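Before any comments, here is the structure.
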Amino acid sequence: MLPREFYDKDTVTVARNILGKRIIRKIKGIEISGIITETEAYKHTDDPASHAFGKQTDRNKAMFGDVGHAYVYFTYGMHYCFNVVARHPKIKAGAVLIRSIEPEKGINKIKKNRGTINLKNLTNGPAKLTQALEITRKHYGVDLTKDSKLHITDGIKHEKIYTSPRVGIKKATDKLWNFKINIKS
DNA sequence: GTGCAGATCCCCT
DNA sequence: GGGGATCTGCACG
């Protein structure tokens with residue numbers, strides 16, 4: 001399990017550090033796991049693209065809560081996205097969006113959840129991986145540092161981190177807060 | 001292979 | 001009442 005202190009750093013730093021870590025999801029005795037391969041940082045008053053740019057609301061309150069917990073939101077009428085609350089202690093809000101994972105265990109279950117057998121299309125997008133891992137609003141605020149049905153542990157080593165603008169936003173597109181790795185498979 | 005419209009609902013203004 | 005940190009299928013070439 002990654003300790004609470006792992007998430008107690010600048011949001012961009014955590015977004016980079018969490019690459020290569022492992023998400024573990026347990027559903028009725030079936031274990032699904034995957035390596036985090038793409039993330040984005042969403043901050044606070046210095047980030048107009050962040051849900052926490054304005055004041056705290058019912059929707060974004062998890063981003064103001066304890067680090068190491070999940071922030072799950074619903075968007076476009078049909079999709080959930082999964083974030084991990086992470087920020088420097090002096091900052092009031094922030095989270096890391098998990099955009100993509102590389103499946104390890106439970107691939108059959110993932111295929112069933114996704115309704116496809118195309119390996120490249122299983123978990124390579126923020127809404128795809130929540131569908132694959134059955135992450136929904138019920139997981140809003142869950143503690144990811146505790147062994148449970150959804151948590152994050154240490155993962156694998158990786159090499160170069162690729163940096164890009166964030167995807168799908170219209171504000172603050174000058175910030176290079178999207179991070180990716182390639183893993184050998 | 002690329003591009004765009006439609007799906008569909010919750011939360012903020 | 002409107003827009004959104006998206007995905008998919010279908011049309012076109």
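Only a predicted model underlies this, so the values are computations on that prediction, with no experimental measurement involved.
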Separation of C:dT6 atom C1' from A:Arg99 atom CZ, nearest Å, is 9 Å
- prompt: Any side-chain heavy-atom pair from A:Leu97 and A:Thr39 closer than 4.5 angstrom?
  reply: no
When rounded to whole Å, the CZ to C1' distance for the pair A:Phe179 and C:dA5 reads 15 Å
Apply side-chain contact (heavy atoms from CB on, under 4.5 Å) to the pair A:Thr37 and A:Ile183, showing each step before the final yes or no. CA-CA 8 Å; A:Thr37 56; A:Ile183 60 180; 4.0 Å; yes
When rounded to whole Å, the CD to P distance for the pair A:Gln56 and B:dC11 reads 15 Å
Checking B:dT8, B:dC11, C:dG4 against the side chain of A:Tyr76 (C-beta onward), the nearest is C:dG4
Regarding the side chain of A:Phe74, the nearest nucleotide among C:dA5, B:dC9, B:dC12 is B:dC9
Between CD of A:Glu40 and P of C:dG4 the distance, given in whole Å, is 16 Å
- Has A:Tyr73 got its ring stacked on the base of C:dA5, with centres under 5.5 Å and planes less than 30° apart? no
The nucleotide from C:dT8, C:dA5, B:dC12 with an atom nearest the side chain of A:Thr57 is B:dC12
Checking B:dC11, C:dA5, C:dT8 against the side chain of A:Arg114 (C-beta onward), the nearest is C:dT8
Criterion salt bridge (charged side-chain N to carboxylate O under 4.0 Å, His left out) on A:Arg87 and A:Asp8, from CA distance to verdict: CA-CA 6 Å; A:Arg87 62 178 185 276; A:Asp8 208 352; over 6 Å; no
| request: Decide if the gap between the ring center of A:His139 and the ring center of A:Phe82 is smaller than 6.0 angstrom. | output: no
Gap in Å between the two P atoms, one belonging to C:dA5 and one to B:dG3, rounded:
22 Å
Whole-Å distance, A:Asn60 CG to B:dC12 P, equals 7 Å
Taking C:dT6, B:dC11, C:dA5 as options, the one with an atom nearest any side-chain atom of A:Arg59 is B:dC11
Between the side chains of A:Asn178 and A:Glu40, is a donor N or O closer than 3.5 angstrom to an acceptor N or O? yes
task: Pick base, sugar-phosphate or nothing for A:Asn121, based on heavy-atom distances below 4.0 Å to the nucleic acid.
output: sugar-phosphate
From NZ of A:Lys171 across to P of C:dG3 the rounded distance in Å is 12 Å
When you measure from the centre of the six-membered ring of A:Tyr42, is the NZ or CZ of A:Arg166 closer than 6.0 Å and no more than 45° off the axis? yes
Assign A:Asp58 to base, sugar-phosphate, or nothing according to its heavy-atom contacts below 4.0 angstrom with the strands shown. sugar-phosphate
Practice task
Output yes when A:Glu134 and A:Lys109 qualify as a salt bridge under the 4.0 Å nitrogen-oxygen rule, no when they do not.
Solution key: yes
Answer for the Watson-Crick or wobble partner of C:dA5, both distances under 3.5 Å, is none
Separation of B:dC11 atom P from A:Met78 atom CE, nearest Å, is 17 Å
When A:Arg137 and A:His79 are each assigned the nearest nucleotide of DNA chain B, the 5'-most assignment goes to A:His79
Whole-Å distance, A:Phe53 CZ to B:dT13 P, equals 12 Å
Check this for me, if you would: do A:Asp47 and A:Lys175 make a salt bridge, where the nitrogen-to-carboxylate-oxygen distance has to be below 4.0 angstrom?
no
So, with a heavy-atom separation below 4.0 Å from DNA chain C, the residues of residues 45-52 of chain A are A:Ala49, A:His51
Under 4.0 Å from OP1 or OP2 of C:dT6: is there any side-chain N or O of A:Lys128 that close?
no
